[in-house]
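Quick caveat, the model's predicted, so the values are computed rather than measured. Position 1 is the first residue of the sequence, and the numbers go up from there.
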Amino acid sequence: MTDTSADLVILGGGSGGYACAFRAAELGLSVVLIEKDKLGGTCLHRGCIPTKALLHAAEVADSTRDADQFGVRAALEGIDIDGVNKYKDNIVSGLYKGLQGLAKAHKVNLVEGAGTLVDANTVEVDGTRYTGKNVVLATGSYSKTLPGLELGGRVIASEQALNLDHVPNKVVVLGGGVIGVEFASVWASFGVEVTVVEALPHLVPNEDEFASKRLERAFRKRGIKFKTGVKFTGATQNDNGVSVSLENGETYDADLLLVAVGRGPNTAGHGFEEVGVTMERGFVRTDERLRTNVPGVFAVGDIVPGLQLAHRGFQQGIFIAEEIAGRNPQPIDEAGIPRVTYSHPEVASVGLTEAAAKEQHGSVETFTYDLAGNGKSQILKTQGAVKLVRATDGPVVGLHMVGDRVGELIGEAQLIYNWEALPEDVAPLVHAHPTQTEALGEAHLALAGKPLHVHG
């Protein structure tokens, strides 16, 4: 193979693209990885990592503000946004350097520039053509807005929200999904007056209704305002602020409007349709083995319909590399991909909601274990619950959790779902005390007919 030809040409160096590149290299394939910006993509530079750094800074602020609850004398003097940004940027920089080192260690040919798919085996970058026996499309996603709502000035997307040089006084967040509630949570912890507007009936509307209602209750206690079931109709801005209007006639004035209405597939202008790749609403259609309709061309990550999560793209990238190398990997069960919203409190889930489980299995059983019965949760002073959904007399098909740090429980939860465990399989497992993992154990004990720390 030459510098411009390889076993595999990958267009996009985000979570899916670089995972595919590294795994393919481990399996002895030569790889060209094309990225127009920075290796690591949105997740590392403008998404997951910097957002979670802000959320941790927000947690520190809350801990300081509430220190007297724990018998600690402390006072929150304010938020040093320059210091917060330095902390955030240092984390991103360190991970980026590590990723670059891994690319060199795997001997991946990293090409900087915007690529265009020319044919089933070729991607062109700045006049140079790179040819592969197989091609992987991994071009990621972008922040969407609504028709007639232009980003700019005081109307911002998450990318701009991550790099603010000041803490605003009032913000309206348009969209109550994962991105919207995470930023609402950060800003509330920083002392900002926040109002979330969501057109659907609940916050985090893709979650089980139990989780949505628990999060809404927690947000009310925190003073985070939200309007659900009402549509946005317009926004006007001037030098002093932005005014947001809703279809019910209400208006909200704020310093900033954060548009968090989801992410769209970044597929336009890359030559996909011209080469004959089947598209649907901008997404690339694939089969369960992530093959497009064009032989030898695969697609991965946010451009493939489904959950837009970095760890989904990461696992899909590994899958494609192993598929191309002839390893015949097991197809990925989309419902088995864990989902975490890192707000305060966190929301974590895997598997089916109760509504989806009823649709798929007919009869289901559920049990909800309140974190009031969990010692470690009381030590942390967090409220929340664990809800299990099982097919009647069958395996656990959905696990849903609300509470601080419950995202750390999702590892065991996804094993329970993906191994199709019965409550009776999990109930005998020993969970360390005192930990929040005991809440999972207690819930399974109860569903197995052996409730202990449960009030009738």
Rounded to the nearest 0.5 Å, what's the gap from CD on Q360 to CG on L352? Could you check? 5.0 Å

Please list, one pair per line, the donor and acceptor atoms closer than 3.5 Å that link side chains of residues 71-82 to other protein atoms, with sequence neighbours excluded.
unit_1 : atom_1 : unit_2 : atom_2 : d
D80    : OD1    : D82    : N      : 3.3
D80    : OD1    : G83    : N      : 3.2

Got L151 and V259 here, is their nearest side-chain heavy-atom distance under 4.5 Å? yes

For the CD atom on E408, are there more than 12 heavy atoms of other groups (residues, nucleotides or ligands in this structure) within a distance under 6.0 Å? no

Does atom CD of Q237 have more than 12 heavy-atom neighbours from other groups under 6.0 Å away? yes

How would you list all residue pairs meeting ring-ring contact (aromatic ring centres under 6.0 Å, His included) that involve residues 205-241, not counting sequence neighbours? none

Distance alone, cut at 3.5 Å: any donor-acceptor contact between the side chains of S349 and R339? yes

When you check the gap from the basic side-chain N to the acidic O, do K227 and E198 get nearer than 4.0 Å? no

Give the table of side-chain donor-acceptor pairs shorter than 3.5 Å for residues 409-416, with sequence neighbours excluded, one pair per line with atom names and distance.
unit_1 : atom_1 : unit_2 : atom_2 : d
E412   : OE1    : H431   : NE2    : 3.3
E412   : OE2    : H431   : NE2    : 2.7
Q414   : OE1    : N418   : ND2    : 3.4

Carboxylate-amine/guanidinium contact R65 D62, below 4.0 Å: yes

Determine whether a donor-acceptor pair (N or O, by modelled atom type, separation under 3.5 Å) exists between the side chain of S189 and the backbone of S185. yes

Working to the nearest 0.5 Å, report the span between NE2 of H202 and OG1 of T228. 7.0 Å

Between the side chains of S245 and T233, is a donor N or O closer than 3.5 angstrom to an acceptor N or O? yes

Worked verdict on D253 versus S243 for side chain to side chain donor-acceptor pair (under 3.5 Å): CA-CA 4 Å; D253 295 324; S243 182; 3.1 Å; yes

Can you give me the closest heavy-atom contact between N85 and L162, atom names plus distance? OD1-O, 3.7 Å

Can you check whether H400 reaches T353 side chain to side chain, under 4.5 Å on heavy atoms? yes

For P331, give me all partners under side-chain contact (heavy atoms from CB on, under 4.5 Å), at least two apart in sequence or on another chain. E288, R289

Under 4.0 Å between a side-chain nitrogen and a carboxylate oxygen: does that hold for R129 and E124? yes

Treating K387 as the side-chain partner and G398 as the backbone partner, does any N or O pair qualify as donor plus acceptor under 3.5 Å? no

For K358, does the NZ atom sit with more than 12 other heavy atoms under 6.0 Å from it, leaving out its own atoms? no

Short question: side chain of T382, backbone of S377 - any donor-acceptor pair under 3.5 Å? no

Which distance, rounded to the nearest 0.5 Å, do you find between the CD of E365 and the CZ of R390? 5.0 Å

For Q378, I'd like to know if atom CD has over 12 heavy atoms of other residues, nucleotides or ligands within 6.0 Å. yes

Any idea which heavy atoms bring N374 and Y369 closest together, and the distance? N-OH, 3.7 Å

Could you pull out the closest heavy-atom pair between A24 and L8, with the gap in Å? CB-CD2, 3.7 Å

Are D333 and Y417 close enough that a side-chain donor and a side-chain acceptor fall under 3.5 Å? yes

For E159, is there any backbone N or O sitting under 3.5 Å from a side-chain donor or acceptor partner on N163? yes

Does K170 have any side-chain contact (heavy atoms from CB on, under 4.5 Å) partners at least two apart in sequence or in another chain, and if so, which? E193, A254, D255

4.5 Å side-chain heavy-atom contact, L388 and V386: yes

Donor-acceptor check, side chain of T64 to backbone of V60, threshold 3.5 angstrom: yes or no? yes

I'd like to know if the side chain of E247 reaches the main chain of K231, judged simply by a donor and an acceptor atom lying under 3.5 Å from each other, with no hydrogens or angles considered. yes

Are the side chains of I337 and L309 in contact, using a 4.5 Å heavy-atom criterion? yes

Donor-acceptor under 3.5 Å (S212 side chain, L203 main chain): yes

Under 3.5 Å, is there a donor-acceptor pair between the T435 and T437 side chains? yes

Could you tell me whether a side-chain N or O of E112 sits under 3.5 Å from a main-chain N or O of K36, the two making a donor and an acceptor? no

To the nearest 0.5 Å, how far apart are CG in L290 and CD1 in I332? 6.0 Å

Search all heavy atoms of A188 against all heavy atoms of V194 and return the closest pair with its distance. N-CG2, 4.0 Å

Determine, step by step, whether D208 and K213 satisfy the salt bridge (Lys or Arg N to Asp or Glu O under 4.0 Å) criterion, reporting the C-alpha distance in whole Å, the side-chain angles of both residues, the deciding distance to 0.1 Å, and the verdict. CA-CA 9 Å; D208 191 276; K213 288 181 176 178; over 6 Å; no

CZ (R405) with more than 12 external heavy atoms under 6.0 Å: no

Expected output: side-chain T42 to main-chain R46 donor-acceptor under 3.5 Å: no

Does either side chain, that of H344 or that of E59, offer a donor lying less than 3.5 Å from an acceptor on the other one? no

Using only heavy-atom distances, determine whether the side chains of S15 and R312 contain a donor-acceptor pair under 3.5 Å. no

List the atom of S143, the atom of R263, and the distance in Å for their closest heavy-atom pair. OG-NH1, 3.1 Å

Any side-chain heavy-atom pair of D37 and H45 under 4.5 Å: no

Over all atoms of both residues, closest heavy-atom pair of V340 and G407: CG1-CA, 3.9 Å

Hey, mind stepping through H433 and E438 against side chain to side chain contact (heavy atoms under 4.5 Å, CB included) and telling me if it holds? CA-CA 7 Å; H433 176 74; E438 289 178 285; 2.9 Å; yes

Given side chains that start at C-beta, do those of L33 and V111 come closer than 4.5 Å, heavy atoms only? no

Looking at residues at least two apart in the chain, or sitting in another chain, which of them share a side-chain contact (heavy atoms from CB on, under 4.5 Å) with P265? T267, F283, I303

Between L258 and Q160, is a side chain to side chain contact (heavy atoms under 4.5 Å, CB included) present by the stated rule, with each step listed? CA-CA 9 Å; L258 171 65; Q160 292 77 45; over 6 Å; no

Around atom CD of E334, are there more than 12 heavy atoms from other residues, nucleotides or ligands closer than 6.0 Å? yes

At what distance, to the nearest 0.5 angstrom, does OG1 of T278 lie from CZ of F272? 13.0 Å

4.5 Å side-chain heavy-atom contact, I10 and V31: yes

Within a strict 4.5 Å, meaning less than it, do heavy atoms of the L44 and L99 side chains meet? yes

Assess the residue pair E182 and T51 against the criterion (side chain to side chain donor-acceptor pair (under 3.5 Å)); give the C-alpha distance rounded to whole Å, side-chain angles, the decisive distance to 0.1 Å, and a yes or no. CA-CA 8 Å; E182 287 186 349; T51 307; 5.2 Å; no

Can you tell me how far OG1 of T145 sits from CG of L174, rounded to the nearest 0.5 angstrom? 7.5 Å

Would you find a donor on one side and an acceptor on the other, under 3.5 Å apart, between the side chain of N293 and the backbone of G276? yes

